[in-house]
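Structure first, commentary second.
Just so we're on the same page: letters track the sequence lines, and every chain starts at 1.
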Protein chains: 2
Amino acid sequence: MFQRYTCIEEGVEMGKSQVKNNIRKLRFNHDEMTQEQLAKKVGVTRQTIIAMESEKYAPSLELAFRIARIFGVPLEEVFYYTPEDE
Amino acid sequence: MFQRYTCIEEGVEMGKSQVKNNIRKLRFNHDEMTQEQLAKKVGVTRQTIIAMESEKYAPSLELAFRIARIFGVPLEEVFYYTPEDE
DNA sequence: TAAAAATGTAAAGAAGTATTGACATAATGT
DNA sequence: ACATTATGTCAATACTTCTTTACATTTTTA
């Protein structure tokens, strides 16, 4: 066994997801929207935005839709799948 | 009030998600692919397919991408967001 | 250069998603 | 009718995403 995620000695090492995003770029293209403002608009905390931007994990599908909607673009213009990691 | 989630007396009642999908249709349009076959192709269990088709919950973004890829269509052709419930 | 605003990090716990296994019902074929 | 295949349900557990709180660092602006 073991396993799909890089585990290091102590603690649980998070696997980075294979879904990438352009949130940061999109924020800047939208009047330099801050993480805080985006968080509020989509109804999550700033932590969640940070985690997504730093790709610690991918958002839920529902949250992905809400974010795309805020930026007024289709979901696949914000998020994209990179299997096998490039 | 009330409320996005139907909560019943005892136990936790699952809220249905606001993300809908065409998985069932797509399966049939693809040579009547069974739940089992789809599950195997995208690398999840049959339970997960059942839960998504019956909209008990929406998949993760990554799984959504994998499913769309199997059917050879863009993600938004499989899943769509219906805020406020239609 | 000091205050304020924006971003980053960490960790515990809640909520949501996925797995496993066991069994029930429906549909298809022989 | 019987066996087989496909679908559905339930429940426990594991894993992933999101929240909350609190504090550290960087960037911006007065």
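Looking only at distances, a side-chain donor or acceptor of B:Q37 sits under 3.5 Å from a matching main-chain atom of B:T34. A:E55 places a side-chain N or O within 3.5 Å of a backbone atom of A:N21 that can act as its donor or acceptor partner.
For the pair B:A58 and B:R46, both in contact range of DNA chain C, the more 5′-proximal nearest nucleotide belongs to B:A58. Checking A:L61 against B:R27, the closest nucleotide of DNA chain D that is more toward the 5' end is the one next to B:R27. Between B:I50 and B:E62, the one whose closest nucleotide on DNA chain D sits nearer the 5' end is B:I50.
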(request) For the pair A:I23 and A:L38, evaluate side-chain contact (heavy atoms from CB on, under 4.5 Å) and give the outcome as yes or no after the intermediate values. (result) CA-CA 10 Å; A:I23 297 179; A:L38 176 57; 3.6 Å; yes

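Across all strands shown, B:T48 has heavy atoms under 4.0 Å from base atoms, whether or not it also approaches the sugar-phosphate. Here B:T34 lies in heavy-atom contact (under 4.0 Å) with sugar-phosphate atoms only. Here A:S60 lies in heavy-atom contact (under 4.0 Å) with sugar-phosphate atoms only.
Across all non-hydrogen atoms, the minimal contact from A:R66 to A:G43 is NH2-O, 4.1 Å. Closest approach of B:R27 and B:Q35 over heavy atoms only: NH1-N, 3.4 Å.
What separates NZ of B:K56 from C1' of D:dG8 is a distance of 8 Å, to the nearest Å. In this entry the distance linking CZ of A:R24 with P of D:dT26 reads 14 Å, nearest Å. Here the C1' atom of nucleotide C:dA15 and the CG atom of A:L63 are 14 Å apart, to the nearest Å. Look at CE on A:M52: it is 15 Å from C1' on C:dG8, rounded to the nearest Å. Atom CZ of B:R66 is separated from atom C1' of D:dT16 by 13 Å (rounded to the nearest Å). Summarising the geometry, the separation between CD on B:E55 and P on C:dG16 is reported as 17 Å, rounded to the nearest angstrom. Taking atom CD of B:E53 as the reference point, atom P of D:dT7 lies 8 Å away to the nearest angstrom. Between A:Y57 atom OH and D:dT16 atom P there is a gap of 13 Å when expressed in whole angstrom units.
Set against C:dT19, D:dG8, D:dT19, the side chain of B:Q35 has D:dG8 as its closest nucleotide.
Remark: the B:Q47 side chain and the D:dT9 base include a donor-acceptor N/O pair separated by less than 3.5 Å.
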